Amino acid sequence: MKQNNKENLLPRRYTPPVGWKAVIGLEIHAQLLTNSKLFSPDPSHFIEMENEHIHPVSLGLPGTLPVLNQKALEYSAQVGLALNCHINRRSVFARKNYFYPDLPKGYQISQYEQPICENGYIEFEQEEKRKKVRIQRVHIEEDAGRFHHKGSCSLVNFNRAGVPLVEIVSMPDIHSPAEAAEMVRSIRKVLKYLDVCDGNLEEGSLRCDCNVSVQKTSDHQYGTRTELKNLNSFKFIEKAIEYEINRQILILKEGHKVLQETRLYDSTKNKTFPLRSKEEASDYRYFPDPDLLPLCLSDEWVAQQKRKIPESFLQKADRFQKQYELSSKESFLITEEKARADYFEKMVWAKASAKLSANWLINEVLAGLNEEKKNIRDCPIIPENLGEMLKMIEKKELSGKMGKKVFTEMWRTKKAPKQIVKKWGLKKIDDASILTNMATEVLKKFPKQVEDYKNGREKIFGFFVGEIMKSCRGQADPEQLNKILKEKLKN
Ligand code: ADP
Ligand code: MG
């Protein structure tokens with residue numbers, strides 16, 4: 001990325017004190033956008049009524065048997081492939097045993113020793129540098145139910161029980177709070193590019209646990225880690241990790257030991273608090289689920305999933321810089337969402353110039369969508385129409401100013417630019433003789449102002465332009481008009 005002066009205005013990012021190093025690894029849970037649950041046919045999307053549509057399998061009633069959701073399997077493999085993982089041709093579902101009222105079976109079906117995906121990595125850009133974080137594994141598991149605490153009573157809603165999740169586990173390759181947040185943003189982008197998760201941190205369809213430890217820079221061994229649970233915004237991820245790093249350094253400086261435990265972040269106090277001591281894998285008594293056969297995947301099936309993986313956001317951002325000569329900032333902004341990038345390319349395919357397309361997309365389309373809280377998928381203007389309009393500007397059939405007016409009308413009516421231009425009788429006036437006539441008229445009409453101008457009040461020039469534009473509804477070609485007016489005023 002090119003150096004940008006504005007960057008200096010950004011708040012300084014937190015780094016651990018000199019002599020200390022932070023080590024961070026992430027566990028990210030993502031709800032998959034399937035219609036039904038992981039092992040049962042009840043709907044897995046948001047349902048208004050509590051405990052509506054709950055299949056006996058979701059409740060773990062005796063005598064029920066799980067059947068794997070094909071779509072969830074495909075999505076999980078696609079996540080693994082997009083994260084450059086190896087897809088194990090044989091993986092195993094295991095029971096993770098623990099008691100909790102939102103887990104009616106007394107165990108969660110997950111994958112333990114043989115997950116579906118292993119040994120991948122993700123690349124992203126962090127403060128103008130490329131960063132690579134290794135992915136340890138991606139496995140499939142089912143979600144638990146959800147608690148509603150009301151006064152002194154706790155109610156449980158099983159609508160979420162059995163919803164398919166992928167758990168993405170990173171290696172501890174992250175070294176700052178900002179890097180951790182960017183990693184989560186990047187994983188979210190990967191999931192959204194694949195269209196397998198809506199990525200909503202706030203509503204919990206994407207959940208992130210952060211494992212944090214600190215060590216002296218001279219140490220060769222990792223320190224003891226704590227796990228920060230359920231951080232539901234990028235800001236909280238950064239704040240909680242920053243707090244935790246400082247807390248651990250203080251403990252070690254005082255000669256004490258960091259306890260391995262699970263902690264919760266309280267955003268109102270900006271502090272983390274212990275929740276429970278960290279459970280070991282052996283506490284869960286994992287064993288292969290006898291109700292489910294090992295999952296065996298063919299090379300052909302894996303190849304089929306691979307063909308469904310779109311170009312990654314990073315490849316796209318790089319390509320946009322090279323192919324369309326966009327700045328790094330523009331290309332990252334445009335590739336933030338796949339639908340945004342597609343919109344941009346459709347404008348270019350409609351023969352609008354890339355630079356102009358990028359400008360209008362960022363300054364007009366995204367700003368307009370932002371104002372109306374709309375997604376680009378619901379943009380009232382289709383990219384082909386906007387591209388067409390930009391082409392008219394480039395051919396000087398429309399001035400930029402008129403273009404803005406046509407844009408507003410396109411947004412309002414969804415009409416094609418040609419239709420609007422025709423209806424309004426818009427045509428750019430670039431005929432020198434017409435423009436000269438217009439200039440003559442205006443100067444004749446305002447002799448006092450002409451005299452002022454000639455006496456040195458050059459600012460009044462804009463007044464003449466404004467009067468002419470008013471009379472022709474902005475259709476005069478501004479460049480030519482300026483030239484002709486200046487020429488006339490000299491005489
Ligand atoms: P568990 O299954 O008990 O949660 P794992 O070994 O699977 O433990 O690791 C879970 C997460 O913790 C991974 O994301 C990993 O990168 C991270 N992690 C492991 N050791 C450390 C450490 N010393 N400091 C920070 N993160 C760590
Ligand atoms: Mg874990």
Side-chain angles (χ1 to χ4, degrees), residues 16 20-30 79-80 83-85 91-92 94-98 107-122 124 131-141 165-184 186-188 190 206-231 237-238 240-249 251-252 257-265 272 274-287:
W20 292 91
K21 180 177 164 187
V23 174
I24 303 157
L26 304 180
E27 292 166 276
I28 297 171
H29 287 88
V79 172
L83 294 174
N84 308 291
C85 288
S91 62
V92 173
R95 289 188 182 180
K96 180 177 181 180
N97 298 282
Y98 65 96
Y107 61 85
Q108 176 194 25
I109 306 179
S110 180
Q111 293 187 308
Y112 180 53
E113 277 173 338
Q114 298 178 59
I116 175 168
C117 322
E118 278 181 295
N119 300 330
Y121 63 88
I122 179 170
F124 53 89
K131 171 82 190 167
K132 189 168 175 173
V133 174
R134 289 168 298 158
I135 303 292
Q136 188 184 323
R137 56 191 273 146
V138 177
H139 66 249
I140 310 172
E141 63 184 31
L165 299 175
V166 282
E167 179 173 345
I168 301 163
V169 183
S170 89
M171 298 294 274
D173 291 346
I174 301 160
H175 301 290
S176 77
E179 222 170 71
E182 196 54 39
M183 163 84 177
V184 181
S186 306
I187 292 280
R188 181 171 179 267
V190 169
L206 190 69
R207 281 165 254 160
C208 175
D209 304 336
C210 302
N211 296 273
V212 182
S213 68
V214 298
Q215 64 192 70
K216 291 240 174 74
T217 28
S218 54
D219 282 353
H220 293 296
Q221 251 182 352
Y222 290 142
T224 306
R225 74 181 193 267
T226 59
E227 184 176 355
L228 308 176
K229 278 258 176 233
N230 295 338
L231 299 165
I237 291 172
E238 286 199 47
I241 296 176
E242 177 175 338
Y243 175 84
E244 191 56 23
I245 294 171
N246 289 332
R247 187 187 71 88
Q248 291 184 14
I249 291 177
I251 291 175
L252 296 176
K257 279 188 174 152
V258 172
L259 292 180
Q260 181 162 343
E261 61 189 1
T262 301
R263 298 177 71 90
L264 281 184
Y265 174 69
T272 66
L275 176 69
R276 53 171 187 252
S277 70
K278 173 97 177 97
E279 57 292 302
E280 298 293 326
S282 60
D283 295 333
Y284 290 121
R285 298 291 187 271
Y286 280 101
F287 65 88

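Counting starts at 1 for both ligands and their atoms, following the listed order. Keep in mind the model is a prediction, meaning the values are calculated, not measured.
Because its NZ or CZ atom is not both nearer than 6.0 Å to the ring centre of Tyr286 and within 45° of the ring axis, Lys96 does not count as a cation-pi partner of that residue. In this structure, Lys132 forms a cation-pi arrangement with Tyr121, its terminal cationic atom sitting closer than 6.0 Å to the ring centre and no more than 45° off the ring axis. A cation-pi geometry, defined here as NZ or CZ lying under 6.0 Å from the six-membered ring centre and within 45° of its normal, does not hold between Arg95 and Phe287.
The shortest N or O to N or O distance between Val169 and ligand 1 is not under 3.5 Å. Considering backbone and side-chain atoms alike, Tyr222 places every N or O at 3.5 Å or more from each N or O of ligand 1. Polar contact check, Asn211 against ligand 1: a nitrogen or oxygen pair lies under 3.5 Å apart.
Note on Lys131 versus Glu179: salt bridge recorded, some NZ/NE/NH1/NH2 to OD/OE distance being below 4.0 Å. One finds no salt bridge joining Arg225 and Glu227 here, because no Lys/Arg side-chain nitrogen approaches an Asp/Glu carboxylate oxygen to under 4.0 Å.
Within the 4.0 Å heavy-atom criterion, the part of Leu26 lying near ligand 1 is the backbone and not the side chain. Under 4.0 angstrom from ligand 1, the non-hydrogen atoms of Val23 come from both its backbone and its side chain.
Within the listing of ligand 1, atoms 22 (C), 23 (N), 24 (N), 25 (C) sit less than 4.0 angstrom from a heavy atom of Ser213. In summary, the atoms of ligand 1 found under 4.0 Å from a heavy atom of Gly223, numbered by their order in the structure, are 23 (N). When each atom of ligand 1 is checked for a heavy atom of Pro172 under 4.0 Å away, the hits are 16 (O), 26 (N), 27 (C). Atoms of ligand 1 lying under 4.0 Å from any heavy atom of Ser170, numbered from 1 in the order shown and given with element: 13 (C), 14 (O), 15 (C), 16 (O).
Across the listed options Glu167, Arg134, Met171, Arg225, Arg225 owns the non-hydrogen atom lying nearest to atom 5 (P) of ligand 1.
Glu27 and His29 share no donor-acceptor pair across their side chains, judged by distance under 3.5 Å alone.
Partners of Tyr265 under the ring-ring contact (aromatic ring centres under 6.0 Å, His included) rule, at least two apart in sequence or in another chain, are Phe236.
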